[in-house]
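Below you'll find the structure, written out as structure tokens, and then a few comments.
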Amino acid sequence: MKRYGYGRQSISGEDIEAVRGVLQSDFLTQGPEVAAFEAELCRYTGAKYCVAVSSATAGLHLAMLALGVGAGEEGITSPNTFLSSANCMLYTGAAVRFVDIEPDTGNLDPAKLEAAITPHTRVIVPVHYAGQSCDMEAVSGIARKHGLRVVEDAAHAIGSEYRGEKVGSCRYSDCTVFSFHPVKTITTGEGGAVTTNDPGVYERLLMLRSHGVTRDPERLERNDGPWYYEMQDLGVNYRMNDLQAALGRSQLKRIGQFRRRRREIVAFYREVLAALSGVSLLSERPFSEACFHLCPLLVDFSGRSYSKPELFERLKGAGLHLQVHYIPVHLQPYYRRKFGYSAGDFPVAEEFYRREVSLPLYPDLTAADLEYICGALKRCIESA
Ligand SMILES: *Cc1c(COP(=O)(O)O)cnc(C)c1O
């Protein structure tokens, strides 16, 4: 029996040749590929600057460092996300507050945002859930009014558009962070990128990515000679390497095709699964043209004879090894203990978690795969 996960990479012969080329070159780490990938991501997203990093988690942390978010301050994000969107604030000593989500998109609800702002709030981290952009006009309007920074967690959203522009353009934010983990839309193995339009933030991202070190003669406080470098801040090593960047450049060439296929698959699920009662797919807002990373199926279990874990066992029996996005972050033991969160704090995200199942969504799924998956879903959901 074939095994289906919710996501997987698509690697072509050209992708393999691109990586082979780097292996046979002089540079495995800081060669020409990283800078070329960064320039291509700028062209693709429309942002002025881009810094490639070792993961989106690293990128989110780096963005917090570059913006100077730290101890005694607070950041706001969605509970319906992967841990990194919140953890990045804790790494720099800031505290996390959550804002509940919209039930039909899974995105942070801008109508609830202002109530979470305190005099300590410094940054908002909206998460573009499943690849659909948050309402960034609303988020950035509130941020401007309160003097807050905005860092978009776009781990799901490379290739997505908001009001006719690519996510990552940073029209409504200080930074946007992408992930290139193999389950995401394009991959570099592990990897990520931060885009920005602010030259000062760009300089800080660059320096902090590599130990807080600079070799730029114009920035040095003194200069002992041609070997000389200076550590001017406490940075980290979050660099991407040339093997990863070469794969990323090759994948970026295929993103139009990935996007078309992902949207096609979601449209197919929408059509076929509409016949099932008590289930729904996400709504897509008029401002959004998503390159979907996830296809969340929302199942109402209230009138059913089986539980969600039982449905998962049935699906596994049919070769569908699915996942749930997400366990609300505030209910993780660490967050409960540290901030005193408990069940009921963010009821919409909690209900979303009770219903959500992520369907297989990746470009290499064939028409036959989709027929099989939909048949199995119907059988598993409709039988008592
Ligand atoms: C995957 C993911 C991340 C982390 O990405 P990595 O590249 O694995 O560090 C962060 N935020 C969201 C919403 C994600 O889905």
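For ligands, and for the atoms within them, numbers begin at 1 and follow the listed sequence.
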- Task: I would like to know whether Glu152 and Ser173 meet side-chain hydrogen bond (donor to acceptor under 3.5 Å, both in side chains); could you show each step before the answer?
- Result: CA-CA 7 Å; Glu152 299 174 66; Ser173 64; 2.5 Å; yes
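The protein heavy-atom contact nearest to atom 11 (N) of ligand 1 is Asp153 OD2, 2.8 Å. Residue, atom and distance of the protein heavy atom nearest to atom 15 (O) of ligand 1 are His156 NE2, 2.7 Å. Atom 2 (C) of ligand 1 has its closest protein heavy atom at Lys184 NZ, 2.6 Å. Scanning all protein heavy atoms for the shortest distance to atom 9 (O) of ligand 1 gives Thr57 OG1, 2.5 Å.
Within the structure, side-chain hydrogen bond (donor to acceptor under 3.5 Å, both in side chains) contacts touching residues 276-285 (residues at least two apart or in different chains) are Glu102-Arg285, Asp104-Ser283, Asp104-Arg285, Arg263-Glu284, Glu284-Ser288.
Of the inter-residue distances, the one linking Met89 atom CE with Glu74 atom CD reads 10.5 Å to the nearest 0.5 angstrom.
With a heavy-atom cut-off of 4.0 Å, Thr81 touches ligand 1 through its side chain alone. Of all the heavy atoms of Ala155, the ones lying under 4.0 Å from any atom of ligand 1 belong exclusively to the side chain. No part of Phe178 comes within 4.0 Å of ligand 1, judged by heavy-atom distances.
Taking 4.5 Å as the limit, every side-chain heavy atom of Lys308 sits out of range of all side-chain heavy atoms of Arg354.
Taking Ile, Leu, Val, Met, Phe, Trp and Tyr as hydrophobic and joining them when side-chain heavy atoms fall under 4.5 Å apart, one finds Leu243 in a cluster with Ile11, Ile16, Val19, Val22, Leu23, Leu28, Leu247.
When the heavy-atom distances from atom 8 (O) of ligand 1 to His181, His128, His61 are ranked, the shortest goes to His181.
By the 30° and 60° cut-offs, the orientation of the rings of Tyr172 relative to Tyr162 is perpendicular.
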